[in-house]
Number of protein chains: 2
Amino acid sequence: MRRKLTPRGRERRDQLMECGARLFAERGYHPTSVADVVAALGVGKGVFYWYFASKEELLTELLKASNHDLRKRQQQAIGEEADPVRRIELGIRASLGWFAEHREYFAIIQFAATDETFAPVLARNREIAIADTIRHLKDGIVDGRIADRDPALLAHAIHGVVAELTRHSLVEGNLPLDEVADLCVAFCLEGLAG
Amino acid sequence: MRRKLTPRGRERRDQLMECGARLFAERGYHPTSVADVVAALGVGKGVFYWYFASKEELLTELLKASNHDLRKRQQQAIGEEADPVRRIELGIRASLGWFAEHREYFAIIQFAATDETFAPVLARNREIAIADTIRHLKDGIVDGRIADRDPALLAHAIHGVVAELTRHSLVEGNLPLDEVADLCVAFCLEGLAG
DNA sequence: GAGAATGTTGACCGTGCGGTCAAGTCCGGC
DNA sequence: GCCGGACTTGACCGCACGGTCAACATTCTC
């Protein structure tokens, strides 16, 4: 890994990250070797270690970059919306939409959660997302729009629904995204209540 | 791996599984070597391959055994309860309770979900659990107690809440189990509705 | 166009892993 | 008391992996 990157260098780095993301998603992190990554790009092994200090660093960078991108999308989606309940809904929809367009990352993030080397990065990402949700929930509780229950647990519950429905629709589903998103929002807002 | 196991043999097998479960949970599957497992037990490497055809098989057996145990507990908890909504509630509470008592398995299952070798076993386990939930949901929908929405998606939503709150309460939480279970049930039944 | 900085190569190294096996020990049944 | 099958040992094998590096190529800078 070196400091100064020319445009050419930045492109190579992006190629390596894209390639790594794809392979990690397809075969998993441990089963994918650095040799696989560089072979897929048709370059020598040294190239990898010019841009990354280690295989570990590549995954860490992928996690950071993807989280940054997802958050950007959520913030754009929520925009200036004032209604806290609607803010939660827009956040949920943005999340489902982003993963639908970046399927590779779901598997990568799920693996990273199980490895103590990467769990900290992920835990931090999640903490931030949960904190956002908690803020909206508290606003909604003050407004009397949301039941007065532990906002932290509610936030985790919402994230759990989103995570599992994301997984289901990516891995097993052939359902239209909107349908899943609608149910996801309806379930979070109303539960099973008929 | 051999056919006939004497009582002594069965005990060794159980020791290996217990030991493997602990180490896989603590350090992860790939980073834990067969040498680590047998060393923790103070026996030679050959012992492992007498009882298991491969490291892979050990994990597979762990997944099967744990799922069997969890399901048994759920069935006992639900018993003869007739009310479908209450059946769902009892199932949720049984699940949270089981994981609280078998923390090791949460990490193991989460990893297995990310590895294409083990994903099929897990997918099958999940399918069965989801099918159970769907049955209760359909009963509830007929009764008019549950909203008439896609039962499959609802089932996944419930499982998502349970999974994430389980994770939260095991990994981050110092909250009493009952409190988490209460909120989990309340959220699933009523959503965020205030 | 010299020289520095950036980028690239691929053979090579050490290590640790999953798995094997020939040899031996333990123990129940006869 | 010995036979055979259940069980154990640990040195060993082959290999693939993460990472290094000296040499070379390209591109920037003045």
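Owing to the predicted nature of the structure, the values given are computational and were not obtained by experimental measurement.
The CD atom of B/E57 sits 10 Å away from the P atom of C/dG19 (whole-angstrom rounding). A/L58 has its CG atom 11 Å from the P atom of D/dG19, to the nearest Å. For A/F52 and C/dG7, the CZ to P distance is 13 Å, given to the nearest whole Å. Between the P atom of D/dT9 and the CZ atom of B/F48 lies a distance of 15 Å, rounded to the nearest Å. As a whole-Å value, the separation of A/Y49 OH from C/dT9 P is 16 Å. Taking atom NZ of B/K55 as the reference point, atom C1' of C/dC17 lies 8 Å away to the nearest angstrom. The distance from atom CZ of A/R10 to atom P of C/dT6 is 13 Å, rounded to the nearest whole Å.
Within the 4.0 Å cut-off from OP1 or OP2 of D/dC28, not a single side-chain nitrogen or oxygen of A/R8 is found. For the OP1/OP2 pair of D/dC7 and a distance below 4.0 Å, the side-chain nitrogens and oxygens of B/W50 include at least one atom meeting the criterion. Distances shorter than 4.0 Å separate some side-chain N or O of A/T6 from OP1 or OP2 on C/dG7. Between A/R12 and C/dT8 there is a side-chain N or O to OP1 or OP2 distance below 4.0 Å. For the pair A/Y51 and C/dT6, the criterion of a side-chain N or O lying under 4.0 Å from OP1 or OP2 is not met.
If you find the closest nucleotide of DNA chain C to A/P7 and to B/Y29, the one lying nearer the 5' end belongs to A/P7. Looking at which nucleotide of DNA chain D each of A/H30 and A/G46 is closest to, the 5′-most match is held by A/H30.
Here B/Y29 and A/H30 keep their ring centres 6.0 angstrom or further from each other.
Among the heavy atoms of the strands lying under 4.0 Å from B/G9 are primed sugar atoms or P, OP1, OP2 only; no base atom is included. Heavy atoms of A/V34 sit under 4.0 angstrom from primed sugar atoms or phosphate atoms, though from no base atom.
A donor and an acceptor atom sit less than 3.5 Å apart, one in the side chain of A/K45 and one in the base of D/dG18.
Using a 3.5 Å distance cut-off with no hydrogens or angles, the side chains of A/R71 and A/Q74 do not pair a donor with an acceptor. Side-chain atoms of A/H159 and A/T133 include a donor-acceptor pair closer than 3.5 Å.
Counting only heavy atoms from C-beta on, A/L5 has its side chain closest to C/dG7 among D/dG18, C/dC17, C/dG7.
In this structure, A/D36 contributes its side chain and A/S33 its backbone to a donor-acceptor pair below 3.5 Å.
Contact detail for A/A181 and A/L96: the closest heavy-atom pair is CA-CD1, 3.6 Å.
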